[in-house]
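What follows is one structure encoded as C-alpha cells, with my remarks underneath.
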Amino acid sequence: MAERQVLAVVRPDWVDHYGHMNMAFYLAVFDMATDQLWPGLGLGKPLHAEGFGTFAAETWVNYVREVREGMPLACTSEVLAYDAKRLIAVHRMHHATEGWLAAENEVLYLCMDLSVRRVGLWPERVLERFAEVCTGAAPRRLALRRREG
C-alpha cells in the first residue's frame with residue numbers, strides 16, 4: 001500500500017491511560033484535515049476575505065482501530081452533500097504508512113455571515129466548486145436538515 005502524506009504523529013501528551021490516542025485528539029487531527037480540505041474548495045482565507053466563515057454545527061466520529069504513541073496519521077476527505085447554506089464532509093484517518101483505517105469523522109459545516117454571526121449563503125463560486133467535487137455518497141449519520149423526532 002502506498003504511503004500517505006503524514007498529517008500528524010501521535011504525541012505522548014495525546015495518549016490516555018489505556019495507551020492509545022485520547023478521543024479529543026482524534027477531533028484535533030480531523031480539524032487539521034479540514035484545514036487541508038478548505039483551500040481546494042475555496043474556503044478558509046478566500047471565504048473570510050468575503051466576510052464569511054465556516055462553523056462546524058454537528059460532528060460524528062466512528063472509532064475503527066486504536067492508534068498509539070508515535071504512529072503517523074494521514075487523512076483523506078470527501079464532500080458528501082451540500083446546499084445553499086450547509087456542507088457535509090467526511091474525513092477518514094489512516095495509519096500513514098500501513099494504510100489501515102483508524103477512524104472516520106462526518107461534519108456538518110455552516111456558512112456563516114461573520115458581520116451578523118448568523119448562517120448565510122455560500123458565494124456562487126463556492127457552490128460551483130462544491131458541485132465539481134461532491135461525490136453524492138450518502139452520509140452515514142448526519143443530514144443537511146434536522147431530522148424530525
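Cluster annotation: Leu114 is not connected to Leu47 through the hydrophobic network of ILVMFWY side chains, with a link wherever side-chain heavy atoms come within less than 4.5 Å. The cluster map of Ile, Leu, Val, Met, Phe, Trp and Tyr, joined by side-chain heavy atoms under 4.5 Å apart, puts Tyr82 and Phe52 in the same cluster. Hydrophobic clustering (ILVMFWY, side-chain heavy atoms < 4.5 Å, transitive): Met32 and Val6 are in distinct clusters. Val107 and Tyr26 fall into different hydrophobic clusters, defined by Ile, Leu, Val, Met, Phe, Trp and Tyr side-chain heavy atoms under 4.5 Å apart, directly or through other members. Cluster annotation: Val126 is not connected to Leu110 through the hydrophobic network of ILVMFWY side chains, with a link wherever side-chain heavy atoms come within less than 4.5 Å.
Taking all atoms of both residues into account, the shortest heavy-atom contact from His91 to Ser77 is ND1-OG, 2.7 Å. Of all the heavy atoms in Glu106 and Arg141, the pair that sits closest is OE1-N, 3.0 Å. The minimum heavy-atom distance linking Ala89 with Leu37 is given by the pair CB-CD2, 4.1 Å. Taking every heavy atom of both residues into account, Ala137 and Glu78 meet most closely at CB-OE2, 3.6 Å. Considering every non-hydrogen atom in both Val79 and Leu41, the closest pair reads CG2-CD1, 4.0 Å. Heavy atoms only, all atoms of each residue included: Cys75 and Gln36 are closest at O-OE1, 4.4 Å.
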Would Val29 and Phe25 count as a side-chain contact (heavy atoms from CB on, under 4.5 Å) here? Give the steps.
CA-CA 6 Å; Val29 174; Phe25 296 102; 5.5 Å; no
Set out, in order, the CA-CA distance, both residues' side-chain angles and the distance that settles side-chain contact (heavy atoms from CB on, under 4.5 Å) for Leu73 and Val10, then state yes or no.
CA-CA 7 Å; Leu73 305 174; Val10 181; 3.7 Å; yes
Check the pair Thr54 / Trp122 against side-chain contact (heavy atoms from CB on, under 4.5 Å), numbers first and verdict last.
CA-CA 10 Å; Thr54 54; Trp122 297 113; 3.7 Å; yes
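To the nearest 0.5 Å, atom CG of residue Asp113 and atom CZ of residue Arg118 are 10.0 Å apart. Atom CD in Glu58 sits 4.5 Å away from atom CG in Leu142 (nearest 0.5 Å). Here the CE-CH2 distance, from Met21 to Trp14, works out to 6.5 Å after rounding to the nearest 0.5 Å. Here Asn62 contributes atom CG and Arg140 contributes atom CZ; the two are 5.0 Å apart, rounded to the nearest 0.5 Å. A distance of 9.5 Å separates CE of Met93 from CG of Leu101, quoted to the nearest 0.5 Å. Once rounded to the nearest 0.5 Å, the distance linking CG of Asp83 with CG of Leu144 reads 5.0 Å.
The shortest side-chain heavy-atom distance between Thr97 and Arg4 does not fall under the 4.5 Å cut-off. Side-chain contact between Met71 and His20: absent, with no pair of heavy atoms (C-beta onward) separated by less than 4.5 Å. Here the side chains of His94 and Thr76 are in contact, with some heavy-atom distance below 4.5 Å. Counting heavy atoms from C-beta on, the side chains of Met23 and Leu27 never come closer than 4.5 Å. A 4.5 Å side-chain heavy-atom check between Leu43 and Phe130 finds at least one atom pair inside the cut-off. In this structure, Val119 and Arg86 have side chains that are not in contact, with every pair of non-hydrogen atoms separated by 4.5 Å or more. The shortest distance between side-chain heavy atoms of Leu87 and Leu108 does not fall below 4.5 Å. Counting only heavy atoms from C-beta outward, the side chains of Asn105 and Tyr63 never approach each other to under 4.5 Å.
Remark: Glu132 engages Arg129 in a salt bridge, criterion side-chain N to carboxylate O under 4.0 Å. For the pair Glu104 and Arg92, the salt-bridge criterion is met [side-chain N within less than 4.0 Å of a carboxylate O].
Scanning for salt bridge (Lys or Arg N to Asp or Glu O under 4.0 Å) contacts around Arg68 gives Glu66, with sequence neighbours left out.
A cation-pi geometry, defined here as NZ or CZ lying under 6.0 Å from the six-membered ring centre and within 45° of its normal, holds between Arg65 and Trp100.
Between Trp38 and Tyr109, the ring centre distance stays below 6.0 Å.
With respect to Tyr18, the side-chain contact (heavy atoms from CB on, under 4.5 Å) criterion is satisfied by exactly one of Asp16, Asn22, Val15: Asp16.
Surrounding CD of Gln5 are at most 12 heavy atoms belonging to other residues, nucleotides or ligands under 6.0 Å away.
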